[in-house]
Amino acid sequence: MKVGLLALQGAVGPHAEALRDLGATPVEVRTPEQLADVDALVVPGGESTTMSKLLDTSGLAGPLAERLAAGLPTFGTCAGMIVLARTVLDGRADQRSYDAIDVTVRRNAFGRQVDSFEADLDVAGLDEPFHAVFIRAPFVEEVGPGVEVLAAVDGHPVLCRQGPILVSAFHPELTSDRRLHAVFLTLIP
Ligand code: GLN
């Protein structure tokens, strides 16, 4: 199973390692041709405003919107969650998001004092807590009726799923716990 890693910006190496550990084949995606060839996609963390710009300049914006609309299983982590959201709060005016999941997210939502923190999250469907690393993380402010909230911090959703789209406000690739990547792989038909 070929899982694309959107490699325009941000670190994709740890995601690649997680996917390989689970028997999938990670493939870096920088062009429309590469995107056309994958069965699923990871949109990694980084900076969502920069990623939005690079999606435009790489020619990937249109093809990405088409594949998402056609149901491409996609895992967005942190900035990736912002890119996949329906609505972005505290974004740049020209920042694009792809409306792949019916959530409203707020960028840098946990505030400057706690730019980065770690927390053991109770995740629906997992028996043991998941140690989550948050880095200038967004959180979800509003979810539509089709969205399942799988984990929250102080009542704010930080892990959500709608159909084949999974989004996390944190970085599951930065620990050796592969359970969320495994959940993602189950979304690929
Ligand atoms: N704050 C970043 C953004 O708005 C996201 C941070 C991250 O991906 N770790 O895009």
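Counting starts at 1 for both ligands and their atoms, in listed order.
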Next on the checklist: Quick one: does any side-chain atom of R67 pair with a main-chain N or O of V38 as donor and acceptor, under 3.5 Å?
Outcome noted: yes
Item to check | Residue pair D37 / V27, side-chain heavy-atom distance below 4.5 Å | outcome: no
Checklist entry - With Y98, which residues qualify under ring-ring contact (aromatic ring centres under 6.0 Å, His included), at least two apart? => result none
Checklist entry - Pick one: which of D120, T175, D177 meets side-chain hydrogen bond (donor to acceptor under 3.5 Å, both in side chains) with H131? => result D120
Checklist entry - Under the 3.5 angstrom rule, does the side chain of Q162 hit a backbone N or O of D102 as a donor-acceptor pair? => result yes
Checklist entry - Heavy atoms, side chains only, cut-off 4.5 Å: are M51 and L6 in contact? => result yes
N/O to N/O under 3.5 Å, ligand 1 against protein:
| unit_1 | atom_1 | unit_2 | atom_2 | d |
| --- | --- | --- | --- | --- |
| ligand 1 | 1 (N) | N108 | OD1 | 2.7 |
| ligand 1 | 1 (N) | R136 | O | 3.0 |
| ligand 1 | 4 (O) | S48 | OG | 3.4 |
| ligand 1 | 4 (O) | R107 | NE | 2.6 |
| ligand 1 | 4 (O) | R107 | NH2 | 3.0 |
| ligand 1 | 8 (O) | G46 | N | 2.9 |
| ligand 1 | 8 (O) | G46 | O | 3.1 |
| ligand 1 | 8 (O) | A79 | N | 3.0 |
| ligand 1 | 9 (N) | I135 | O | 3.0 |
| ligand 1 | 9 (N) | H171 | NE2 | 2.9 |
| ligand 1 | 10 (O) | S48 | N | 2.5 |
| ligand 1 | 10 (O) | S48 | OG | 2.8 |

